[in-house]
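First the proteins, then the strands, lettered A, B, ... as listed; each starts at 1.
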Amino acid sequence: MDQAESRRGGRLEKYLVAKTSFLKLVDEQIKEGKEVVAPVRQENQANFRRIKSTAEILWGGPQTVVSAKSFVFPPKEELLNYETNDEVRVQPRVEAKPLILLGVHSCDINGMALLDKVFTEKNLDENYVKKRENLTVIGVECLEPCSPESFCYRKDSVLPWDGFDLFLTDLGKNFFVEVGSAKGESFLSGLGKKATQADVDRVKKIRRERDAKFDEKQRKLKPKLSDLPVLLKENYNSPVWAERGARCFGCGSCNMVCPTCYCFDVRDCVELDLKHGIRARWWDGCMLTDFTRIATGEIFREDRGARLRHRTYRKDYYLFEKWGKSFCTGCGRCGKACLTKVVDPLDIANEIYERSRSR
Amino acid sequence: MAKPKVAFFDFTCCEGCQLTVLSLGDKLLDLFESVEVVNFREASSYKGQDYDIAFVEGSIASSKDIERIKEIRKRAKVLVALGACAHTAGVNAIRNFHNQQEIRKMVYGDKAWVFDSILAQPIDAIVRVDYYIPECPIDKEEFLRFVSQLLNNMKPFLPDYPVCVECKMKGNVCNYHKPNPIICLGPVTRGGCGAICPSAGNACEGCRGLIPDANLEAMEWLLNEYGVSAEDKFRFYRMYNGLMGMKK
Amino acid sequence: MTIYKPEVAVIKRVEKLTVTESLFDLELLSGKPLGHRPGQFLELSIFGVGEAPISISSAPSDSPTFQLCVRKIGNVTTAMHARKPGDKVGIRGPFGNGFDLENFKGWDVLLIGAGLGLAPLRSLIWAVLNSRQDYGRVFIIHGARSPQLLLFKEELREWENRPDVEFYSTVDVADESWQGHVGVISTIIPEVDFDPEKTQAVIVGPPVVYKFLIKELKNRGVEDDHIWVDLERKMKCGVGKCGHCQINNVYVCQDGPVFRYDRIKNLPEAI
Amino acid sequence: MTGKDLNIYVHHVTRVEGHGNILVDVKNGELKEVKLEIIESPRFFEAMLVGRRFPEAVHIASRICGICSISHTAASIKAIEDALDIKPTWQTETLRKILMEAEILDSHALHSFFLAVPDFFGLPSVIPMASTNPDVVKTAINFKKLAHEICDVMVGRHTHPISMVVDGFTNLVTEEQMAELLKKIKAALKNDVPKMLEFFSRIKFPDFERKANYTCLVNPEMYPFYDGMIKSSEAGVYRHRDYRQKIVERVVDHSTAKHAFGPVKPYMVGALARFNTNYKQLMPGAQEAAKMLGLEAPSYNPYHITLAQVVEIVHCLESMSRLIEQLLSRGIRDERVERPPLAGWSARLPPAKKSWGVGVVEAPRGLLIHEYRINGNGTIDAANCIIPTAQNLANIEADMRELVPQILDRSKEEITQLLEMLVRSYDPCISCSAHLLKVDFVE
Ligand SMILES: Cc1cc2nc3c(=O)[nH]c(=O)nc-3n(C[C@H](O)[C@H](O)[C@H](O)COP(=O)(O)OP(=O)(O)OC[C@H]3O[C@@H](n4cnc5c(N)ncnc54)[C@H](O)[C@@H]3O)c2cc1C
Ligand code: SF4
Ligand code: SF4
Ligand code: SF4
């Protein structure tokens, strides 16, 4: 939180808003036809869905199956459509409409903050950026771990670093609301009153308690977070990769659910007349066999262990080193999704750490 | 460019795949526009013997079938196995695990000898198959994509990733994570169906066949974790992937 | 305008080089020059089929025309081979770093092209020959699997006959017509009379050749930071997003495809 | 008329589902032989079901037929529920009724438009009609699209439904989805039905009458497809569990499908049997439609099966609207929580169980019976399936036997054509019964 504050070169406004009036505000927006998406229960888990009333919202756990990234980087997204009669007509497609994303946990907000970096770096990706600009992100603070798999506290991701418009902390009757942007400020439309120092202190205390609770309940990360890149770098040839790789399906579930996996495939689809078609991108995953297969049949990262290492390295070494932030926000989704329990980044880090110490 | 001539043939199956073609809706008319259908017994009395592309549905299950499919192979420039029965022998292969004499008796009593029947086999057990459109029944979108890519001189796209990929894209709660877990073959089964069964609350029963590098050891590990008995495993592997169960 | 929207280009001329390779002359419909460096590549679009990364085979000086040498192997490349002069295709790019000629000026240059590797290398060869005076000795080494598969045969002859080029050529398997060296390309390096101290070496070829060629060059005493390689990986976007072309932590499409060997030699996935 | 020799052999009757041959042999003006050969490779479904746990059995049973897989699924589920003593909820049964009617809609649209109609235009298939009668083809496509959409939304897909399982649904449609479907059904009633009736009222069907024994479900509450007692002109009204005494199946040499008798004589099942028996229960629009088409109950003309199907298309659209309205007025509840449907590997047997059960439904082509014996682990020990087409086979042959002498003075081509049309009008589903038809004249 403090980072975001300093990045914006000033203090963020903080308000105290009665929960009922905040929810009423959202319900009114829905009635006006605004699209609001929030976590709702789905069987014994949850998912982001378009809601018709704030009553549907599932606050807190369990975790949504798929992260909030789908709203900025959907599973399938058209990039172009074209017509090839006598003339070739190519229309770029950038679909974006205003969307309020409510009840987002910090791990997903941070995930988007990280995606912001990669999609705006050098070649700006309009398809992502336009969707992102149209999004109003209203986060909510987790006061309980949302799943046994999550380890956000260990990844310094229990609060958002950046990337939200409003961030809510449940104070019982009120929300403590932190404003992250002008868009957030105007969404509030003057609701509530400025938070006093006492309010701020109260939140600080809640956060201290929460930290203690998370520290106790979430699985420990044995190496220091900042040591992860070096630890991984030194263990490129660790037997861990082959051992875990042997039990990996190569199913890519870990890639699909992750808030920071952003690889994609691009394919053309053409109508039967062979004249009209689209080009679209689909989520792809570095754990899938075909990910590096080229026309001559060569696969550059053939064995599953090497792919698992690559995935782990992207999160906690390559991108960590490049951007100064781990690209794993500790949401725990991949560890849950992986049916053979091989992918959990925290488990991997701990195992490598233990093994390298005992050597 | 002349329209390619297309023929549909069926062997032992439920004909659901041909019916899926007849149920393409408005796209059916587009299909008739872009190809010339010369043989489609299910839908037409015209029996053309001159064709470029043969879509073959069903399993080979009698000695007559063997002759017929060889004849079709000879005439067709491109032979496509349509649906699970043609691709993996589909549910028909279940009977291969029964005593053949006994099951004939069970169904036809003392007249069992009258009927010519052999083990159910996929088309490629007899002749070379150029392309496969898997699934029971085939997926409309995939069929249309296949035809347009073939017309466009492309190698048709058939995903090599497993069902889990699309299952996750749909945001489903994994079958293994439900309060009453459902044993699901998604992690080793070829995707492309849009995870239609898990999305409708059921197990993936493996009707699209295994992915090329399916990790069956991992599957064993997983099913053992869930305490699935060997008998249950085999039964399940053998819904559509008779051969898979035989490997062990 | 998004980074995924191709510009339309027109095919001006098609020349069949071998059974599987053809050379295409293209120009942007807008008539603008492409503005590329040797060693850069494009994403070539055939609408309805897809995109594929293809190196620009011509020297920047030929602008606004540019040339692609395409091997027919998959969907896009087969579709490209079915196109005729006047047909329109899509182009995105140029992408990648390409060769920085400053690194070679004043040096002897050893240019090694194996198989289709000659296609991208050709853009560099012509750039060097077009300002020949800037360089010391120029070596061109080319290898193909058989004489039938030789690309740019006329140009090979031209280079061979140029007094200011030291030219070597080899085939893996010869036929009656072949008089020259026989053997895989790495076997020719010991015969080349170059001064390792004064030479910058460039290798472009299929994935298998790098290991052997680098070993031969090092045997001759070429320093790692005088060796340049041009690598190929699967690509889907060409602009550093899709993730397919990553070699450990480098992106071939952003940090490459041209790499100085000492900078990637410690990447286990590179060579 | 005397002394004519005729030998007809139609190999693989087209525009029917599955493979069959027609064989007619007339010597010296005398009918020697009439056969409908079924040459589909036997599929041994009854054997395939043995050793399967009941939730799997439902999905395997569906694969008996691609066109009436909802009926097979329903019959299979009902047999299992009968054996396990499960009484599904009103909501579950209402949803199933809608699904059955959607399948009837699809199947009848396919048969009446795509398979039967070309005969009346002297065309080999519906394909050329796409340009000559685009409106008609469009109407048929609209019906099929609607039926598929209903099934896709409700059970994942039309052919081999996914979420329709024992004691419920693994995935539940929402009220919004049902309301949306209702709108589309009403639109079809308004726009497509008049076109269909106008078109079919202009078609002239061959004149031929033979009074058959008609067998179908009867139910005091509604024109039944999903549930009821069995009524047969020969055997009267009886309970589904008594079918073995009333229906006798025999293996005949020329057919991989068994022939059924009820219990002695051949009988007819399907749209015309239902129309003749349950005419009064048709929805008002359907009765109206029958009048427009000049179809009166009872009709003894088997060529009228196609018209009865057209009437049932109208009935199903009306009936589905009514059922959806009832459903929406009660509201759709997610019953899966209190009453998890019995699906998948983890489905355990409920405590109270009988060892065997019978499920009977009206498939598009008629009465469909599944009977299973289930053991204590929920595994199928024995199965018997009686398929509509198998029940019609003996009756088709009886029709042919009566028809051929009446038309012997016509040309061989005409005779062949009329025989093929007769077989086709039964809409035989040969892959179900094993598989189809051929006509061979021996001169
Ligand atoms: C930097 C670079 C420069 C290249 N230059 C040339 C050249 O000058 N001439 C030439 O003929 N070929 C070149 N290639 C290889 C060429 O890109 C592949 O042969 C081509 O992508 C095959 O595409 P396709 O659609 O015909 O094959 P398919 O197998 O149908 O391709 C499917 C997709 O996979 C990807 N893909 C497959 N193979 C490769 C590959 N080898 N490299 C990268 N992506 C691949 C592409 O995105 C392609 O769209 C180059 C590759 C790279 C990476
Ligand atoms: S790597 Fe796993 S735990 Fe980390 S952010 Fe991605 S899905 Fe969550
Ligand atoms: S690590 Fe697990 S989730 Fe990821 S691909 Fe392998 S098996 Fe699937
Ligand atoms: S439900 Fe099946 S297909 Fe879906 S993620 Fe789980 S294992 Fe994979």
Which one wins on heavy-atom pair count under 4.5 Å against chain A: [options]?
options                        : result
B/E225, B/H177, B/M154, B/K178 : B/H177
B/V147, B/D160, B/L144         : B/D160
B/G186, B/P179, B/P212, B/C174 : B/P179

Residue part contacting chain B, namely of [X], when any heavy atom lies under 4.5 Å:
X      : answer
A/D268 : backbone
A/V270 : both
A/K336 : both
A/A46  : neither
A/L339 : both

Salt-bridge contact [X]-[Y] (side-chain N to carboxylate O under 4.0 Å):
X      : Y      : value
B/R235 : B/E231 : yes
B/R145 : B/D139 : no
A/E56  : A/R49  : no
A/E271 : B/K27  : yes
B/D213 : A/R304 : yes

I'd like to verify something: which residue of [options] has the highest number of heavy-atom pairs under 4.5 Å with chain B?
options                      : value
A/V66, A/V65, A/L272         : A/L272
A/P75, A/G277, A/C251        : A/C251
A/R247, A/Q45, A/E43, A/M256 : A/R247

(message) Please classify the contact between B/E166 and chain A as side chain, backbone, both or neither, with a heavy-atom cut-off of under 4.5 Å.
(response)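 It is neither, since no heavy atom gets under 4.5 Å.
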
(request) Would you check if the side chain of A/D303 reaches a backbone N or O of A/A306 as a donor-acceptor pair within less than 3.5 Å? (result)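 It does hold such a pair.
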
(request) Kindly confirm or rule out a cation-pi arrangement of A/R132 over A/F119, judged by NZ or CZ under 6.0 Å from the six-membered ring centre and within 45° of its axis? (result)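 A/R132 over A/F119 ring: no.
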
(request) Give the ring-plane orientation class for B/F55 versus B/F146, where under 30° counts as parallel, over 60° as perpendicular and anything between as tilted. (result) perpendicular

